[in-house]
2 protein chains.
Amino acid sequence: MNPAKRIGIKDIAEKAGVSAGTVDRVLHQRGDVKAETRTKVMAIVEELNYKPNIFARSLAYKKERRIVLISPDSRDKNPYWEKATIGVERAGISLEDHNTAISQIHFDASQKDSFVQAINQALELEPDGLVIDPVFKDVIQEKAAVFREQQIPFVFFDANIKGVGKLAYFGQDAAQSGQVAARLMRNALADDEKVLIIKLSKDKVFSQHINSRITGFIAALNTPKSDVEVWEMSLCEWETRREEIADMLRRKPYPGIFVPNTRVYKVARFLEDYQLEKKLLIGYDLIDENIAALKSGGIDFLISQRPEEQTYNAIMSLFNYIISKQEVQKTRLSPIDIIVKENIDYYC
Amino acid sequence: MNPAKRIGIKDIAEKAGVSAGTVDRVLHQRGDVKAETRTKVMAIVEELNYKPNIFARSLAYKKERRIVLISPDSRDKNPYWEKATIGVERAGISLEDHNTAISQIHFDASQKDSFVQAINQALELEPDGLVIDPVFKDVIQEKAAVFREQQIPFVFFDANIKGVGKLAYFGQDAAQSGQVAARLMRNALADDEKVLIIKLSKDKVFSQHINSRITGFIAALNTPKSDVEVWEMSLCEWETRREEIADMLRRKPYPGIFVPNTRVYKVARFLEDYQLEKKLLIGYDLIDENIAALKSGGIDFLISQRPEEQTYNAIMSLFNYIISKQEVQKTRLSPIDIIVKENIDYYC
DNA sequence: CTGTTAGCGCTTTCAC
DNA sequence: GTGAAAGCGCTAACAG
């Protein structure tokens, strides 16, 4: 593909009439170099379009690098975070040969203090880079100053906060995913068929993500308000008021049901238990319960957000930045995958 | 992540009481090693779970490696192949630092001779590995013997041929993708609504892929035969008999239309030109014309086969095998992506 | 400020 | 058969 041999640091040194060491110094702005030499070397680097051999680089660079990832703990067995962890592990393996270690620090997503502590802990590890799920905006705004001061590059994943100097954000466009769900509804339902949105969570606390999905969904559905209804309940209510809910659905059935989070399998089971009719049930995330329900026909579509890929890419990009200082694309949204029974095996 | 330092060839050498050179020899079965030493070293390699540092390896291994890819030419501007080429180029870039070059050789997919020639040409380049779209089965069956004899590993992509000693196959499951299309139809159409399949190609020649898609589609549709109709025509007929076709569709409309290949945009344009009604139009491939039609609403679903990823993965896996001799998964099917207007931007 | 040197983990050559 | 030594492209430590 390239007949000419790849040009290396030595070629540059020679052409510039300096030593390899000096070229290295200008390349990494390490130590002092006469301005004149610097510009000269830079010019030649540009001219020859020098690309470092990152393998030689990793081989030679002996200091261990450390990337620290800060994320909510998954003590509540949230499968989303389990998937995310797999991505972290994969990245760890990829980076082993690069002498780079990944540490994970978890916090309790309902306790701001816990988040602050996690960040402090991370800083004590003297990381070369941070990967953060920035759950608390004000904390981040404060700590970002420290990161900048200590020259620690950081990326966000899962959630995004603007204007604090992040290197990049890896996540999904929640509103857009709601629009995808709406499209699937519209293709399947007649214009006058009613749609129900069921918001289910542990304590009736709903993240920004979930609300954005709903906003996107309703906007794209493009249907009179009266045809969309939103139910909001805690998991506990859902369990205790089953009869009552079944009754409501029997009296007023909804051909389309949209559950804007992982809990959709609960709805699927419920509908089955009570033999309730539906035309289309759409939910989120490829967790085992949902996969099973999709395969059995209880769920019709799942939308996937690729948590594994998000953490993997976040870490790898940060690493690339650390070793090459090359700019990174600010926003990296992962695809909104549409999953049905027939293609699910390719996404697990 | 690993407190213990990574173990290397030297550690093994030391523990076995031999030199690094000898360890290398047993690792690569190169040169002669006393059987006794060999087994001893092997045992220690196992025991210590030695993993070579592939970067050090690439650095030290100076001979250039060559991977040759043999694919149909895209002189007819088939966009599928243009995408595939992008994957080849990406792989080329990734492998640059590994001192590995990718060459491409094209053939005329309608001429068996041309395919034979392409393979001969490839062999003259003394490749370290081959990536082949095995269009002609009998040719491959003959040439595979040569590959084996010369110890050249080869992988297939796009199409598959069994029992000739390929390392792996990268492609799609065509029948399964037809089933995905059927699922989308069934979700959107009432049971009694009719479905039309339109087969369009240059010379009414249809690849195995296309027929498999149709088979899968019809099987999964699970509908009385009478409700599915298949039209088969050349692009030329399609252009010259427009009025006639429009008439037929006006007299007997089909709510669902499935076009099992890239040409679906032609159908979309046609329907629009003649203001014909449809409920759902499903086709294949993310080429510009299809993307435009999807965005404007002329097409409802596209199924994507990720040609770029296929070539990229095929090359990278072959490379990994070449340098590590690690076994490769035999079949690597790419996901059957469901694309709608609202998520397409993440797949282009 | 800059050149020189040693060495990362592995492959390869050249002796013995 | 096998060990010792050189070197891949780069970084880092040490002299100047």
Side-chain angles (χ1 to χ4, degrees), chain A residues 2 4-42 45 48-65 95-100 128 322-325, chain B residues 2 4-42 45 48-65 95-100 128 322-325:
Chain A
N2 55 345
K5 123 179 182 315
R6 205 144 156 194
I7 75 117
I9 212 169
K10 281 198 153 171
D11 306 282
I12 301 188
E14 192 180 350
K15 191 152 188 201
V18 297
S19 76
T22 302
V23 175
D24 184 71
R25 272 183 279 263
V26 353
L27 249 26
H28 300 291
Q29 40 239 275
R30 134 172 70 231
D32 294 317
V33 183
K34 216 200 308 178
E36 195 184 334
T37 337
R38 144 164 286 111
T39 50
K40 187 162 164 199
V41 170
M42 291 293 256
V45 165
L48 267 47
N49 187 27
Y50 165 73
K51 296 260 185 297
N53 182 327
I54 70 158
F55 304 137
R57 184 173 277 185
S58 276
L59 239 205
Y61 184 90
K62 274 291 71 194
K63 199 161 44 123
E64 183 180 87
R65 291 198 183 86
L95 294 182
E96 233 172 39
D97 275 341
H98 286 288
N99 212 347
T100 299
D128 298 283
I322 291 172
I323 65 161
S324 76
K325 293 292 181 225
Chain B
N2 56 344
K5 125 182 180 308
R6 206 148 155 189
I7 76 119
I9 213 169
K10 280 198 155 172
D11 305 284
I12 300 188
E14 193 180 347
K15 191 151 187 201
V18 297
S19 77
T22 302
V23 175
D24 184 73
R25 272 184 277 262
V26 353
L27 250 28
H28 299 291
Q29 41 240 275
R30 126 174 77 231
D32 295 317
V33 183
K34 215 197 313 176
E36 195 185 337
T37 342
R38 146 164 286 113
T39 50
K40 187 163 162 198
V41 169
M42 290 294 255
V45 164
L48 266 48
N49 187 25
Y50 166 74
K51 295 260 186 299
N53 182 325
I54 70 159
F55 304 137
R57 186 172 274 185
S58 278
L59 238 205
Y61 185 90
K62 274 290 73 193
K63 202 161 42 125
E64 183 179 87
R65 293 198 182 84
L95 294 181
E96 234 172 37
D97 275 340
H98 285 288
N99 212 346
T100 299
D128 298 283
I322 291 173
I323 64 160
S324 77
K325 293 292 181 227

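So that the names make sense, note that chain A is the first sequence line, chain B the second, and so on, each numbered from 1.
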So, do A:Met42 and A:Val26 sit near enough that their side-chain heavy atoms are less than 4.5 Å apart?
yes
Phosphate OP1/OP2 of C:dG3: any A:Thr22 side-chain N/O under 4.0 Å
yes
How close or far is atom C1' of C:dT11 from atom CD1 of B:Ile12, stated in whole angstroms?
15 Å
A:His98 and B:Phe55: aromatic ring centres closer than 6.0 Å?
yes
Find the distance B:Gln29:CD to C:dT11:P and express it as a whole number of Å.
12 Å
For the CG atom of A:Leu48 and the CD1 atom of A:Ile7, what is their distance to the nearest 0.5 Å?
4.0 Å
Look at A:Asp32 together with A:Arg25 and state whether they make a salt bridge at an N to O cut-off of under 4.0 Å.
no
Round to the nearest Å and state the distance from A:Tyr50 atom OH to D:dG9 atom P.
10 Å
Is the backbone N or O of A:Ile323 less than 3.5 Å from a side-chain atom of A:Arg57, with the two atoms forming a donor-acceptor pair by type?
yes
Please state the C1' separation for the pair D:dA6 and C:dT5 - nearest whole angstrom.
15 Å
What is the distance, to the nearest angstrom, from the CG atom on B:Asp32 to the P atom on D:dG3?
14 Å
Atom CG of B:Asp24 and atom C1' of C:dT13 are separated, to the nearest Å, by 12 Å
For B:Ala35, does its backbone N or O pair with a side-chain atom of B:Thr39 as donor and acceptor, under 3.5 Å?
yes
Quote, to the nearest angstrom, the P distance that separates C:dT2 from D:dG9.
25 Å
Selection: residues 51-61 of chain B, any non-hydrogen atom under 4.0 Å of DNA chain D
B:Leu59, B:Ala60
Are the side chains of A:Ile12 and A:Val41 in touch, meaning some heavy atoms are under 4.5 Å apart?
yes
Heavy atoms only, 4.0 Å cut-off, all strands: where does A:Arg25 land among base, sugar-phosphate and nothing?
base
Tell me: CD1 of B:Ile7 to P of C:dG9, nearest whole Å?
11 Å
Would you mind reporting whether B:Arg65 and B:Asn99 have side-chain heavy atoms less than 4.5 Å apart?
no
Using atom NZ of B:Lys10 as one end and atom P of D:dG3 as the other, report the distance to the nearest whole Å.
14 Å
note: B:Ile323, atom CD1; D:dC8, atom P; distance rounded to Å ~ 20 Å
Only stems of 3 or more consecutive Watson-Crick or G-U pairs count here, both distances under 3.5 Å; name the ones for DNA chain C, or none.
C:1-4 with D:13-16, C:6-16 with D:1-11
Just to be sure I understand the rule, does A:Gly8 reach a base, reach only the sugar-phosphate, or reach nothing, if contact means heavy atoms closer than 4.0 Å?
sugar-phosphate
So does B:Arg6 pair up with A:Asp97, basic N to acidic O under 4.0 Å?
yes
Between A:Arg30 and D:dA12, is there a side-chain N or O to OP1/OP2 distance below 4.0 Å?
yes
